[in-house]
Amino acid sequence: MSQRPKTCIAVFLIVAFACLAVFLTLHPSLTGGSAMMRFSMDEDLSDGWTTADGSPVDLSSLDDLPDFPEHSVTIRRQLPDAIEPGTELSFMTDNLMFHLYYGDEEVYAFTPDVTLFGTPYASSFHFAPLSPANAGMTIQFEIECAYADSSSSIRQIRACDTTVYVQRYVRENGFAFVASLLVMFVGLAVLFLYASIGHTEAVTLDLFSLGIVTILLGIWSEAQTLVVQLTTGQAGLARALEYLSLLFAPYPLVVFVGSLVESPHRKRCQQVALVATLITIGIVGVGTAVLGIDMHYLLTSIHVLMALAAALTVYQIVARARVVGHDDTQKVLAENRLVIVGFLVFITCGLIDFYRFIASNRGVSDPALFLRCGLLFFVIILAQRAFRLAVAYVTRANRADVIEMMAYTDTLTGIGNRSAWHNMCTAVSESLHDGGDALACAFDVNFLKRVNDTYGHAAGDAHIQRAADTINRSFGVEGSCFRTGGDEFCALIVGENLMERYEMCRGLLETSLAEQCAAAEGEEPLSLAVGCALVSETAERTLDAAQELADQRMYAHKRSMKAERTD
C-alpha cells in the first residue's frame, strides 16, 4: 500500500475515534437525562457553615480560619429539614483530611495512606450517605490541612443524587474535558502519521516527539478537569497520570523544538534535557518508592525540570536566530508565522493561569483553564504544519514512485525493462548464496524482420506487444518477465519445484501460441524460441552462467524452428 492511502486511513480512524469518544462523553448518562427528572432534591449546602463558637465560615477559603492550618478545626451547619431517599452528600475537597459526623455519629472519613504517588489530597470527590432520618441534624466536619503550603477548601457541596452531581460536573467542565481529548487525539494522529511516513530527510520535523509531547500535555490537561477521576473514582491514578505527564513531557518538547527551528545546538540541548529528566525520574522514584515521601513534596524537582526545558527551548530558538542572517531570519519567521503566533498564545495563556494561581489566596478550581485553550490552539497549529509537510512529502514520494516505475518499465510492452532485469538478477544472486536455486528463461521472437518488411514497423511493434503479453500471461504466473532487447525477453523463476513450474508455464505458452496461430488470418503467426537453464546445473552456480546457458539453448531452438520453416 502506498503512503497516501495509509496516511488517509490513519487520519480517518483517529477522527472517527475522536468523534466516538466525544459522543460517549456527551452521552445523556453523563450530561443529564432521566436521572435529572427522577430525583428532585438538589440542594446547595455551601452556605451557613460556622465554627464551634458560631463564627461564619467560607468553605472556599478555609485557610482564613483561626489556628488553621496549624491545628484541626471543626465546622458545622444544619442539614435540610427534609431529605429524600437515595440522596447523598456530594462534595469536593482540596488539600484536606477530615472526619464527617451527623450529630455525634461519624459517617465518613478521608485519611488515605501514602501510596506510590503520594496521597490523593489535592482534589478529591466524596459521596457520603444521607437518609430521611438525618433530616434537620447537625452536620460536622473535623478538618485538618494536608499540606501547609497549599490552599484548602470544600467545594460544590450538595445534597443530591450522585448521578445528578456527576452529570452537573461533567456539563460544567465538558468543554475543558473535550478540549483535552482533542489534544490527545491530535497527538495520536501525529503518531500515526509518523508511523506512515517515518523519519526522512524530506520531513525534518520530529513527528514522533511532537505526538508524544502532545499526548502527555493532553493527559495533564485532562487530569486537571477531574472528569475521569469523578467518573471512575480513581483519584490516585488521576494524580499519577498528572505527575507522570509533567515529568516526561519536557524532554520530547525540547527534541521537537530543536527539529522545528533546526537549532545548531540541537543534540547538546537534547542531551542536557535527557540527563535532567533521568535525574528527576531518579529523585522522584527514590523519594516515593524507597523513602515513601509524598509526591506533593517532590513537585519542586519536576518544576525545576520544566523550567530547564523552557530555558533550553528559548536557547535553541535564539541560537537558530543568531546563526542565520537577517534575510534568512525574516524567511524563517514568515514560514513559521502561525507557529510563532500559536506559541505566543500558549505562553500567554500559561502566564495568565500562573498569575491566577499565585494571585488568588483561595486557590483556583481549575489551574489549567486558559492554558488548556492555548494548548489546544498551539497543538492544532503544529499538527496542521506537520500534516502539511507530510502531505508534501507523500506527494513527492508518489512522484518518485512514478518516476521509478517509468525507469524500470518497458514503454512498448509494459513489462520490466533491462534495468529491472539487472536489479532482479542482483537481488536473486544474493539469495543464492544460501544454497537456493533459480531458473533463467530466454525468449526470442521468430521472423520479426519478415513482419517489419511485409507489414511495416507499426505491425512489428504490435507483434512484439503480443509476444510480451503471451510470455507474461504464461511465465508471469510463476515468475517475473522482462524485455531485454528489441525482440528478446527473459523470465526468472525462483523457489522450489522449478522444473515442474517451468513445464506448467511452457504448457500455457504453447496453448496460447497455438490459439493465436489458428486465429491468424493473413498475418504472420506469433512464434517464439525458448531456452531455459537452472543455476544448479552450471559449473559456476551463478545466475549469469544460467542466463548464458539459457541463451545458448534458446538460439539452438531458434535455429531448429527456422530449419523446419519451408515458406
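This chain uses plain numbering: 1 for the first residue, then up along the sequence.
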Requested in this report: Go through F91 and F125 one step at a time and tell me if the side chain to side chain contact (heavy atoms under 4.5 Å, CB included) criterion holds.
Outcome: CA-CA 6 Å; F91 56 97; F125 292 92; over 6 Å; no
**Report entry** Side-chain heavy atoms of R158 within contact of R168, under 4.5 Å
**Finding:** yes
**Report entry** Ring geometry between Y101 and H99 (parallel below 30°, tilted from 30 to 60°, perpendicular above 60°)
**Finding:** tilted
Query raised in the report: Do any N or O atoms from the side chain of T313 and from the backbone of A309 form a donor-acceptor pair under 3.5 angstrom?
Result: yes
Query raised in the report: Between Q316 (side chain) and V257 (backbone), is there a donor-acceptor pair under 3.5 Å?
Result: no
**Report entry** Over all atoms of both residues, closest heavy-atom pair of D44 and I157
**Finding:** OD1-O, 3.3 Å
Query raised in the report: Atom CG in L65, atom NE2 in H71: separation rounded to 0.5 Å?
Result: 13.5 Å
Query raised in the report: Is L130 close to V107 at the side-chain level, that is, under 4.5 Å between some pair of heavy atoms?
Result: no
Query raised in the report: Hey, what's the ring geometry for Y108 with F98, parallel, tilted or perpendicular (30° and 60° as the breaks)?
Result: parallel
**Report entry** Check: Y315 and C269 side chains under 4.5 Å, non-hydrogen atoms
**Finding:** yes
**Report entry** 4.5 Å side-chain heavy-atom contact, L274 and Q270
**Finding:** no
**Report entry** Member of L45, V57, T50 meeting the side-chain contact (heavy atoms from CB on, under 4.5 Å) criterion with R77
**Finding:** L45
Query - side chain to side chain contact (heavy atoms under 4.5 Å, CB included) between Y169 and Q156, intermediate numbers included - result: CA-CA 9 Å; Y169 187 88; Q156 300 190 13; 3.5 Å; yes
Query - Least distance between heavy atoms, S152 atom then L96 atom - result: CB-CD2, 3.7 Å
Report summary line: Rounded to the nearest 0.5 Å, the CD1 atom of I143 sits from the CG atom of L59 at a distance of 8.5 Å
Query raised in the report: Should S153 and T93 count as side-chain neighbours, where that means a heavy-atom distance under 4.5 Å?
Result: no
**Report entry** Donor-acceptor under 3.5 Å (S61 side chain, D58 main chain)
**Finding:** no
Report task. Might you point out which heavy atoms bring L210 and T214 nearest each other, and give the distance in Å? Result -> O-OG1, 2.6 Å
Requested in this report: Decide yes or no on side chain to side chain contact (heavy atoms under 4.5 Å, CB included) for I75 and I154, but give the supporting numbers first.
Outcome: CA-CA 11 Å; I75 60 175; I154 300 176; 4.2 Å; yes
Requested in this report: Check whether any side-chain N or O of R155 sits under 3.5 Å from a backbone N or O of S60 as a donor-acceptor pair, and report yes or no.
Outcome: no
Requested in this report: Measure across L226 and S123 and return the closest heavy-atom pair with its distance rounded to 0.1 Å.
Outcome: CD1-CB, 3.7 Å
**Report entry** 4.5 Å side-chain heavy-atom contact, P250 and L308
**Finding:** no
**Report entry** Donor-acceptor pair, side chain of Q140 and main chain of G103, under 3.5 angstrom
**Finding:** yes
Query - Residue pair L100 / L89, side-chain heavy-atom distance below 4.5 Å - result: yes
Query raised in the report: Taking side chain as C-beta onward, heavy atoms only, is M137 less than 4.5 Å from Q78?
Result: no
Query raised in the report: Does T87 use its side chain to pair, donor to acceptor, with the backbone of I83 at less than 3.5 Å?
Result: no
Query - Parallel, tilted or perpendicular: rings of H126 and F110 (30°, 60°) - result: perpendicular
Report summary line: Correct closest heavy-atom pair for M97 and C145 would be CE-O, 3.9 Å
**Report entry** Pairwise distance CG(L216) to CE(M184) - rounded to 0.5 angstrom
**Finding:** 10.5 Å
Requested in this report: Calculate, to the nearest 0.5 Å, the distance between atoms CG and CE belonging to L253 and M306 respectively.
Outcome: 9.5 Å
Query raised in the report: After noting the C-alpha distance and the side-chain angles of I279 and L305, does the key distance pass the side chain to side chain contact (heavy atoms under 4.5 Å, CB included) rule?
Result: CA-CA 9 Å; I279 291 175; L305 175 64; over 6 Å; no
Requested in this report: Using the ring-ring contact (aromatic ring centres under 6.0 Å, His included) rule, take W220 and Y243 through it: C-alpha gap first, then chi angles, then the decisive distance, then the call.
Outcome: CA-CA 8 Å; W220 171 79; Y243 289 156; over 10 Å; no
Report task. Output the distance between atom CD1 (I215) and atom CZ (F248), rounded to the nearest 0.5 Å. Result -> 14.5 Å
Report task. Search all heavy atoms of P66 against all heavy atoms of V73 and return the closest pair with its distance. Result -> O-CG2, 3.9 Å
Query raised in the report: Just how far is it from atom OH of Y251 to atom OG of S209, taken to the nearest 0.5 Å?
Result: 8.5 Å
Query raised in the report: Between Y165 and F127, is a ring-ring contact (aromatic ring centres under 6.0 Å, His included) present by the stated rule, with each step listed?
Result: CA-CA 10 Å; Y165 187 86; F127 304 95; 5.8 Å; yes
